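These notes are about the structure you will find just below.
In this chain, residues are counted from 1 in sequence order. Small disclaimer: the values here were computed from a predicted structure and weren't measured.
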Amino acid sequence: MPFGGKLTIETANVELDEEYARHHVEASVGPHVMAAVSDTGQGMDEQARSHIFEPFFTTKERGPASGWPWCLAL
């Protein structure tokens, strides 16, 4: 978040009921762990949103202090 903001990461134990499972076919009834991530930053453009679940995706430039070189050793 180059212009500031607050990053919040939350976890909780939740119990999914039959009503929830009816509307979310991939879910099963019972205990689950919920993880939520939110921030108050400026947001992402469409190109960045299309890659958010790729493990090595970054919007930073390659080079020193960017965190990029460690990927080259993989």
Quiz item: CD/Glu54 to CD1/Ile52 distance, rounded to the nearest 0.5 angstrom?
Solution: 10.0 Å
Practice problem: Treating Ile, Leu, Val, Met, Phe, Trp and Tyr as nodes and any side-chain heavy-atom pair under 4.5 angstrom as an edge, say whether Met34 and Ile9 lie in one connected cluster. | Solution: no
Exercise. Tell me whether Val29 is reachable from Val25 by hopping between hydrophobic residues (I, L, V, M, F, W, Y) whose side-chain heavy atoms are closer than 4.5 Å.
Key: no
Exercise. Among Gln47, Glu46, His51, find the residue that satisfies the side chain to side chain contact (heavy atoms under 4.5 Å, CB included) test when tested with Arg49.
Key: Glu46
Quiz item: Is there a donor-acceptor contact under 3.5 Å from the side chain of Thr40 to the main chain of Lys6?
Solution: yes
Exercise. Count the heavy atoms belonging to other residues, nucleotides or ligands that lie under 6.0 Å from CZ of Phe53, then report whether that count exceeds 12.
Key: no
Quiz item: Can you pull the ring pair (Phe, Tyr, Trp, His ring centres under 6.0 Å) pairs that have at least one residue in residues 7-40, sequence neighbours excluded?
Solution: Tyr20-His24
Quiz item: Of all heavy-atom pairs between Ala21 and Ala27, which one has the smallest distance, and what is that distance?
Solution: CB-O, 4.0 Å
Quiz item: How many angstroms lie between CD in Glu18 and OG in Ser28, if you round to the nearest 0.5 Å?
Solution: 11.5 Å
Self-check item: Any side-chain heavy-atom pair of Val33 and Asn13 under 4.5 Å
Solution: yes
